[in-house]
Participant: 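Take a look at the following structure, please.
It should be emphasised that the depicted structure is a prediction, and the values quoted were computed from it without experimental measurement. Residue numbers begin at 1 in each chain, while the letters A, B, ... track the order of the sequences.
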Amino acid sequence: MRNLTPRSVLLGLAAPLGALVFAALVCGIILAATGNSPIDTVDAMATAAQRPRTLVNSVNSATVYYLAAVAVAIGFRMKLFNIGVDGQYRLAAMLSAALAGAAFMDNLPSFLRIALTIAVAMLVGAGWAGLAALLKVTRGVSEVISTIMLNAIATYLVSYLLNPARLAETTAGSNNIGTAKITEGGQVPGFEVSGSTTKVFGLILLAAIVGVVYWFVLSRTKFGFELKATGLSESAAVASGVSVKKMVVISMLLSGAVAGLVGMPQLLGASYTYSLDFPPGLGFVGIAVALLGRNNPVGMAVAALLWGFLDNAANALDISGVPREIVLIMQGVIVLSVVVAYELVRRYRVRAEQQAVGKALGRTKTLEEVSA
Amino acid sequence: MSPEPPAGGAPAPAVQLSAITKRFPGVVANSDVNITVRAGTVHALVGENGAGKSTLMKILYGMQQPDEGTIAIDGAPVTFSSPADAIRAGIGMVHQHFMLADNLTVLENVVLGSEPRKGVGLDFAAARAKITEISTAYGLGVDPDRLVDDLGVGERQRVEILKVLYRGARTLILDEPTAVLVPQEVDELFGNLRDLKAEGLTILFISHKLDEVLSVADDITVIRRGTTVASVSPEGVTARKLAELMVGSALPVPELRESTVTDETVLSVEGLTVLSADGRTVLDNVSFTIHAGEVLGIAGVEGNGQAELVEALMGIRSCSAGRITLSGQDITRATTRHRREAGIGYIPEDRHRQGLLLEAPLWENRILGHQTSAPNVRGPLLDRKGAKRDTERIVDEYDVRTPGIGVNASALSGGNQQKLIVGREMSGSPVLLIASHPTRGVDVGAQAAIWEHIRRARAEQLAVLLISADLDELIGMSDTLSVILRGRLVADHDPAAVTPEQLGSAMTGAGRED
Amino acid sequence: MTVGGLSVGIETAPARRGKRLSPMVYLLVAVGALLVLSAVRALSGATDLTSAGTVQAALTAAVPLAMAALAGLWAERAGVVNIGLEGMMVLGTFGAGYAGYQWGPWAGVVFGLFLGIIGGLLHAVATVTFGVDHIISGVAINLLAPGAALFLSKLYFADAPGGGQKQSPRIEDAAKVTLPGFSDLMGTIEGKRWFFVSDLAGVLRGLTTEISLLTLLAVVLIVATGWVLWRTPFGLRLRSCGESPAAAESLGVNVLKYKYLAVTASGAFAGLGGAFLAVSSGQYRDGQTGGRGFIGLAAMIFGNWRPGGLATGAGLFGYTDAMALRGSNAVHALLLLLGIALVVVAVIQYRSGHNVLSGVAAAIGVLFGWWYFASSEVPPELVGAAPYVVTLLVLGLASQRLRPPKFVGEPYRKGHAV
Amino acid sequence: ACGSKNDTGSGGTTTGGSSAAASSLKIGLAYDIGGRGDQSFNDSAARGLDKAKSEFGIDIKELEAAAGETDAQKEDRLRQLAEGGYTTIIAVGFAYETAIEKTAKDFPEVKFAIIDSAGPAADNVANLTFAEQEGSFLVGVAAALKSKTGNVGFIGGVNVPLIQKFEVGFTAGVKAAKADATVQVKYLTQPPDFTGFNDPAKGETAAKGMFDAGADIVYAAAGGSGNGVFKTAKANGKFGIGVDSDQYNLPALADVKDVIITSMIKEVDVAVYDFITSVKDGKFAKGEKVYDLKAGGIDYATSGGKIDDIKTKIDEYKTKITSGEIKVPSTK
Ligand SMILES: Nc1ncnc2c1ncn2[C@@H]1O[C@H](COP(=O)(O)OP(=O)(O)OP(=O)(O)O)[C@@H](O)[C@H]1O
Ligand SMILES: Nc1ncnc2c1ncn2[C@@H]1O[C@H](COP(=O)(O)OP(=O)(O)OP(=O)(O)O)[C@@H](O)[C@H]1O
Ligand SMILES: [Mg+2]
Ligand SMILES: [Mg+2]
């Protein structure tokens, strides 16, 4: 991290704020051009922002998005593109839900049950990601392809297992199907918030811990240094004694393990079962959030909250007659414009840095200086 | 291509650069540069690293636009907004760094941008014929259908020249064309240049090797800190004088004073054999020993196994046979990490590829390669304070010119980057230093500093493996000299007795049956 | 040591790549593969392995994938990663729906292409002009495009006759052609169930019967891409921007222009892929692309950034996908086929000294063989996984000589290339 | 009555009461993914709503689900409706089970209805479920009787229990009419990949596979993917069976309608309309209301006249089912 001077703080804020304003402008124009009122939209969003339940939902969504983003970011830091977070968390959530809901688990102390469930989820996520890592280091298969394929294969595996003959059970009268419901001892209680019937996920603490550990490992440990170094220059990392293959395997396993956590807040804090309506697609949200937050632990948290809020404001928009698709458009425009803004600021910084180096070399002066 | 010279009187200068000024953020690369290049001559440009030579040439070649000043070609003022304009005006440039696409064939690289056409398609036959014709005419010997990736440096250099000739350039800019060539290759190149000159072509030539400059140039312009400080003719000047003009101080020479060689073996290599990915033998039964306080120099044309040797010693590449022992410990199968911990320092050939994290601050670059030892780490944790403090020390001791240790390595000039690497690799008292081209592309001042550091460490019993293309450096700095040819160590020489020419012919295998 | 002069060091760097295989070798490999297929077909009775219907369905499935892969190829050859293919395809499906129902299938194709171009331009502005990370821009487009398409479809299709908020009215299909006489003849032979001959006839009939003009157009575009990129000055310049933008720039190639053109073309191809999908399905539907853009990207990597290769990748995927969708019987036979193929790979790898790989291949092969003989069908939930598993296996066991364009994904700024 | 279509369905249940109280009715409707305009299940619910609106002039609000959302977000949707003064709320689809359960508790004065789920039970919740297997049984009979090859197919959009009900009923119907007939079964995608309801290209390939394997009639319980099934049926001179509404009469399918011999009609519109009427008339009834053949919530279509010749046979089975003589299974 660079030194915090007022100018650098200002610059750091200029990018995201400028971009948000720009994105709002673009969406406003789209709305106005299609006969929707931008004012109503802002109004609906402002109303949503004041409703405790929407805020709780936003925080809960953000919790999950954040975990997914960290999982993706671990790979990104090493120039590994784990598109497979999606498959990893779904498979992990399904299998750990089956375990957590199993009858024999009822006899275990609550803490152990929860820990076991989470551990299994991490193991499954890591294992599924490990396949991609294995293919990459032994056979050179691009993780982009292998994780796309593994996502699909996970879908088929889950639906194979989600069958009354195997790991699922049906409830009479319901068209849903899911794993056995996790009884109270296996659930993680949430935090009450006044004015909202929905609780904040208890596992938001887990997300926070994951964020802190991510930050600490990357910036304070030898391992984190080697991970970043590999991402910055593979050849330099090799020459400095880093085993890139080992790093690929470890970081993919870590990424998968964190991916395994993605389903946990929802599973242990709200659904208590893995069923047909377990939210899919979180891995892809994770990619967007990680990119928006620039793989930075705090940046991703902010991005996750923004994303969560936009997603949860959609209902309010819908009710006030604004097409909810505008949220998707808004998210896309925000990602693009934030990133463009970052790039512009980065260029400005590089120039400033070069200027500083130039000064250190005593090369800023022109004609007079040279004549010496 | 180029306009006719004005009839009668003295021909207009082929190139006239007047009052060129070019500013980059924080740097004035060129300020008020004036150069006149007579048609049909070889005009040399010399100056320290970062003096602004390449920038000036890029301006002449249209790759960069001057902030102030004018360019005249054959007396007519021109403005180039892209290389395409310069090429049209008959200017060609061989860049300091190869400008080749590895995954394309020689033919594709050569014709790119000036393709012969048949309908909308590319006329491969015509291109092939023309390339073969030029290649034969100048003895370049390049096969148009080979992939550039498969070519050695010498061949790549010739492809670069072919590119220029293919476009029918009348003015050739050669930016440090000899940096990677051995003396014989250099002679060949100079022979070619003379031929070209005889045909009336004009050549602008940049080099750090002043004796070369003196031997080939008709005129010499010295650039210092972005501006022309002198225009001299080779007859009236010596290399020493030129260097003084360049830096304003005496020319340093690579020289070891007295022998410090002990009989304590530090590195012993026996029968080292390395295969490439496709099974070719790239290093064949190589054996040697380096003692404490000894510098072993390896001479060789690039691509004869030096890179593989270094990588095998560093554990980056695995060997198929042989034994490597460091201070009595067998490290043949040890990891790179282990070798570094055992005390091997490594100055890589390509600092951007293997030596630095360009997008990381200097102090993080200090940790690179030393991420298991003090003062960078404590247990599994980074010791950020320790690393920063030690980076300050290196910046100080090695005179790395930087505003601070928080700037990214990419912001530093090449010479300063190299000094940082040398400082880093010398820290933690290594027992063996593997130095691959430690002063390549570094200006004379920095060169002297790096030599001095190596000398000092040698006096303190450091063993050094020195690989270099600069034969003066090799001869001056080595206690023992070996020549590598096609993956084998073919001859040992006494640096006190050998001349660069002898070394050069040993390197090319001339006079040997193989 | 060839032509005199500066020839030192030539021997130290001989060619590393294998030689280009001659057409004869390809033909032999194809015949061999068909022989194995015939054998498995005869053994298992799963006629769908080589039936004309499977081949036709495979073609239909492969075409949008191949277009997406081609789109990826154009962008990546010029050095720009395009992960926004999915989004651009979605724009293509919408465009085809919008114009297709009003003015016919070809108008749909053109309009889909046009909307794809808009997506491509957006990507170009972000990545080329602003130097945004290519992945980020692609992800943003994948968010934007489906949102925009849905937004627009509600606007334009909700009240159209036969349309809905999430679907366009019907689009006429493009015309289909059949090779007269030949197709029937092949049909007769196919029906005989002769070893190899009938299988060959089945494949040939599939390739000559009821082929949509869109499919033919796709084939033309694949071949044309190969020609344009590898045989014309334009293509050389475009590829040079992905291999070494600095070299290109130093020879006066306007790198920015070529990158723009390539990414725009990429958008056009992705849009076409979407349009083909919509037109051949008879309408635009929200969510219709179903990840085909990503599969296309995988097919491009699978095909080593080459037109022939990506067509093979898309074909392989389309073939297994068609089989999985048409019936589980053939997928069961596929187990045996995979088993045999893996054992063959094991033998080849063993002979070239890769013992571990050979062992792994043999083990998986035996496992598949055992699965085949121990079961009478693949569980229906798993049948659909066939194309994904097969792609992974092929990639994992085939030797990896993939070579992406050297500067793909690298930001480029004029005058800043080293 | 076999020619029963939307209009007859509503005719049978309308109370025709005055609309005096109606204008004060505020009705909120939350769709499942797909929403209004999916030309299938959600659309059917929308039709019922529209009919109620045009007849009673009520105040309505329709909200839509997003792909990949959580129960909490669904719950939020229902709560926003309830808080916004919508006193009658209809949730379309079993995905709203949990959301209804939680919301209904906190709004005892609001009347809720959930379609396709018998799960949530409360004093203010009506569960509107359908016996899809019964209607599927009847079209299965039709398929068996109409098939020349004795080989028919079933294509499900996504492999979920709801669609499995269609499959099971269909297979039972086919076997009942022709014991030795073959039924090919294929689901286009597996959950949570719901594109199987939206991918006509997949429907086309799957149907072509079945036709090539000898089937001559395919029942498409695959939402929008069914369009591909009919398209390929037409191209190959075979037949298809529609689902949810009388697809013969859908404008979007006009050019393939001659291959649609019948459709399994699931009168979600009737259920919605009935429910609104009951609330309007103050006759809200909690708990499960099964829309089956007997109740007229499920039926088969005869438009196009392709099955006129076997109508009597089908109606025999229908009678047996309504009388309880045949009990159609709903799970495998
Ligand atoms: N594109 C650029 N942006 C910013 N600064 C630049 C750029 N190109 C060159 N410079 C700076 O301009 C100065 C002159 O560089 P130039 O490459 O012309 O030096 P040179 O004389 O060729 O040195 P060398 O002998 O090392 O090749 C250096 O300080 C360099 O860092
Ligand atoms: N390097 C090349 N030079 C000239 N033409 C090429 C080159 N690569 C491909 N082509 C042409 O492009 C078209 C399609 O490319 P494709 O990827 O199928 O190449 P290919 O010949 O199959 O190469 P490979 O055997 O390496 O896969 C073919 O017509 C081929 O002749
Ligand atoms: Mg230079
Ligand atoms: Mg090929």
Participant: Once rounded to the nearest 0.5 Å, what's the spacing between atom NZ of A:Lys228 and atom CG of B:Leu368?
Facilitator: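 One finds 12.0 Å between NZ of A:Lys228 and CG of B:Leu368.
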
Participant: Would you mind writing out the side-chain donor-acceptor pairs for residues 118-138 of chain A within the sub-3.5 Å range, not counting sequence neighbours?
Facilitator:
from	atom 1	to	atom 2	distance (Å)
A:Trp128	NE1	A:Leu150	O	3.1
A:Lys136	NZ	A:Glu143	OE1	2.9
A:Thr138	OG1	A:Leu134	O	2.6

Participant: How about residues 333-345 of chain B versus chain A: which residues have heavy atoms under 4.5 Å apart?
Facilitator: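 From residues 333-345 of chain B, the residues near chain A are B:Thr336, B:Arg337, B:Arg340.
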
Participant: Checking heavy atoms, do the side chain of A:Glu234, its backbone, both or neither come under 4.5 Å from chain B?
Facilitator: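 No part of it gets close to chain B.
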
Participant: Could you check whether atom CZ of B:Arg378 has more than 12 heavy atoms from other residues, nucleotides or ligands sitting under 6.0 Å from it?
Facilitator: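 Atom CZ in B:Arg378 is not packed in, count stays at 12 or less.
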
Participant: Does the side chain of A:Lys222 reach to within under 4.5 Å of the side chain of B:Leu381, using non-hydrogen atoms?
Facilitator: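 The answer is no, as the side chains (C-beta and beyond) never meet within the 4.5 Å cut-off.
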
Participant: For residues 368-392 of chain B, pull every pair meeting ring pair (Phe, Tyr, Trp, His ring centres under 6.0 Å), keeping only residues two or more places apart or in separate chains.
Facilitator: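 Passing the test, one end in residues 368-392 of chain B: no pairs.
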
Participant: With rounding to the nearest 0.5 angstrom, report the CG to OG distance, B:Asn365 to A:Ser240.
Facilitator: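 OG of A:Ser240 is found 10.0 Å from CG of B:Asn365.
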
Participant: What are the two closest non-hydrogen atoms of A:Phe225 and B:Gln371, and how far apart are they?
Facilitator: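 Reported closest heavy-atom pair: CD2-CB, 4.1 Å.
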
Participant: Which atoms form the tightest heavy-atom contact between B:Leu357 and A:Ala236, and what is the distance?
Facilitator: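 Of all heavy-atom pairs spanning B:Leu357 and A:Ala236, the closest is CD2-CB, 4.2 Å.
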
Participant: Using a cut-off of under 4.5 Å for heavy-atom pairs, which of B:Val377, B:Asn376, B:Ile367 has the most such pairs with chain A?
Facilitator: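 Max contact count across the listed options: B:Ile367.
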
Participant: Are the side chain of B:Arg353 and the backbone N or O of A:Ser233 linked by a donor-acceptor pair below 3.5 Å?
Facilitator: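 Checking the backbone N and O of A:Ser233 against the side chain of B:Arg353, no donor-acceptor pair under 3.5 Å is found.
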
Participant: Would you say that more than 12 heavy atoms from the other residues, nucleotides or ligands in this model lie under 6.0 Å from the CZ of A:Phe81, or not?
Facilitator: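 Yes - once you tally the heavy atoms of other residues, nucleotides and ligands closer than 6.0 Å, there are more than 12.
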
Participant: Side chain, backbone, both or neither: which part of A:Val242 has a heavy atom under 4.5 Å from chain B?
Facilitator: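 Contact with chain B: backbone and side chain both.
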
Participant: Quick one: pull up CG in A:Leu232 and CG in B:Leu356 and give me the separation to the nearest 0.5 Å.
Facilitator: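 Here the interatomic distance stands at 11.5 Å.
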
Participant: Between B:Pro348 and chain A, with a heavy-atom cut-off of 4.5 Å, which part of the residue counts as in contact: side chain, backbone, both or neither?
Facilitator: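 The answer is neither part of B:Pro348.
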
Participant: List in chain and number order the residues that pass ring-ring contact (aromatic ring centres under 6.0 Å, His included) with B:Tyr398, two or more places apart in sequence or in another chain; answer none if no residue qualifies.
Facilitator: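 If we apply the ring-ring contact (aromatic ring centres under 6.0 Å, His included) test to B:Tyr398, skipping adjacent residues, the hits are B:His453.
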
